[in-house]
Amino acid sequence: MPLEGIYGRNEPMTLVTSATSAIKTAVLPVAGIGTRFLPATKAIPKEMLPIVDRPLIQYAIDEAVAAGISNFVFVVGSHNRSLLEAHFGSSPVLEKILKTRGKSQELELVTGTSKGITSINFVTQDEPLGLGHAVWCARDFINDGPFAVMLPDDLVQAEPGCMWQMVDAFNKYGGNIVAVEDVPRDQTNKYGILDVDEDDGRIASARGLVEKPNPEDAPSTLSVIGRYILGPEVLEHLERGEKGAGNEIQLTDAIATTIGRVDFRGLRFTGQRFDCGSKAGFVAANVAYALARSDIPDDFKVLLKSLV
Ligand code: G1P
């Protein structure tokens with residue numbers, strides 16, 4: 001049971017089953033400085049803020065590991081590399097104290113942060129030039145094959161996990177795949193939006209992709225959330241460093257330029273997505289994950305009801 005130690009005794013365990021495939025590497029762009037969460041993010045990087053008792057980034061890693069991914073590339077800023085190394089590395093002093101005190105469950109939680117990980121490589125994104133640029137910074141570790149991109153801000157509560165569902169779809173269809181959900185039309189200017197060709201309700205094949213279109217220009221309301229499986233072709237566009245929406249180098253544009261050569265599909269994943277880049281989404285995620293935990297007493301539900 002590979003993730004037992006990470007989840008603790010009473011939590012559901014995710015197993016790697018049929019969704020094993022060629023996707024072995026995930027790129028996690030985490031160079032942002034988290035201005036929306038100041039002052040919490042003055043000293044603690046955004047991806048290290050906890051949802052209940054585990055940092056946001058741990059959920060993304062566990063989701064990836066459950067999908068058969070074991071190599072990770074963290075695209076970091078100068079502020080957060082050492083904390084990520086501390087979280088995913090060993091902690092001899094803490095481990096010794098827990099061992100001496102016979103706290104075996106806590107010890108498992110500490111050593112379990114890196115369970116299923118074969119490698120973590122760090123690359124630094126010196127300037128905030130956009131998501132496409134962040135992915136391009138990771139190019140040396142992509143090895144000419146398909147790879148995943150995960151934005152830890154987008155937390156997806158799902159069983160099996162969202163990346164597992166993506167890998168499963170990739171095994172069937174290949175090509176470039178993004179996780180998608182419908183958003184209200186007045187929010188299309190916050191997302192990459194698909195220009196849909198065919199749609200069977202779960203898989204939408206697309207003829208185009210536009211970054212943050214105004215509602216009146218949006219080709220649909222089907223929006224990309226932070227889970228991608230991409231082929232190395234996207235790097236050819238990123239190499240050119242062309243700026244797009246918001247004067248940033250956009251991953252959306254790189255994907256769009258491959259359409260025609262590489263099939264492009266959106267997967268309507270099963271699960272609940274929380275935008276943990278916003279305060280409301282972050283708090284909602286904490287509530288949802290707490291409600292799903294067997295070690296948080298029922299009193300919590302009673303308290304919640306009384307508060308709302
Ligand atoms: C990024 C992408 C966007 C995508 C979104 C998902 O935008 O550029 O296409 O829909 O992530 O969260 P950001 O949220 O970084 O502005």
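No hydrogens, no waters, no symmetry mates; every other heavy atom, side chains included, goes into these values. Note that ligands are numbered from 1 as they come in the structure, with each ligand's atoms numbered from 1 the same way.
- Within the 4.0 Å heavy-atom criterion, neither part of L251 lies near ligand 1.
- Summarising the geometry of M150 relative to A64, their closest heavy-atom pair is SD-CB, 3.7 Å, with the distance given to 0.1 Å.
- Using a 4.0 Å threshold on non-hydrogen atoms, atom 15 (O) of ligand 1 does not count as touching the protein.
- At a 4.0 Å heavy-atom cut-off, ligand 1 does not touch D275 at all.
- Ligand 1 places these atoms under 4.0 Å from at least one heavy atom of L151: 11 (O).
- Here atom 12 (O) of ligand 1 lies nearest to D154 when heavy atoms of D153, L209, V149, D154 are compared.
- Around atom 6 (C) of ligand 1, the closest heavy atom drawn from T188, V183, V224 belongs to V224.
- Here T252 has side-chain heavy atoms under 4.0 Å from ligand 1, and that is the only part of it that gets that close.
- Taking only non-hydrogen atoms, the option from K212, Q250, E181 nearest to atom 7 (O) of ligand 1 is K212.
- Between N176 and T258, the side chains place a donor N or O and an acceptor N or O closer than 3.5 Å (distance only, hydrogens not considered).
- Side chains of T221 and D182: a donor on one and an acceptor on the other come within 3.5 Å.
- The shortest contact between atom 9 (O) of ligand 1 and any protein heavy atom is with E211 OE1, 2.7 Å.
- Side-chain contact of H87 with Q58: a donor-acceptor pair under 3.5 Å is present, judged by distance alone.
- No side-chain N or O of T113 forms a donor-acceptor pair with one of R54 less than 3.5 Å apart.
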For this session: I would like to know whether K190 and D275 meet salt bridge (Lys or Arg N to Asp or Glu O under 4.0 Å); could you show each step before the answer?
Result: CA-CA 11 Å; K190 289 171 36 185; D275 172 11; 5.2 Å; no
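- Taking the centre of each ring, F72 and F88 stay at or above the 6.0 Å mark.
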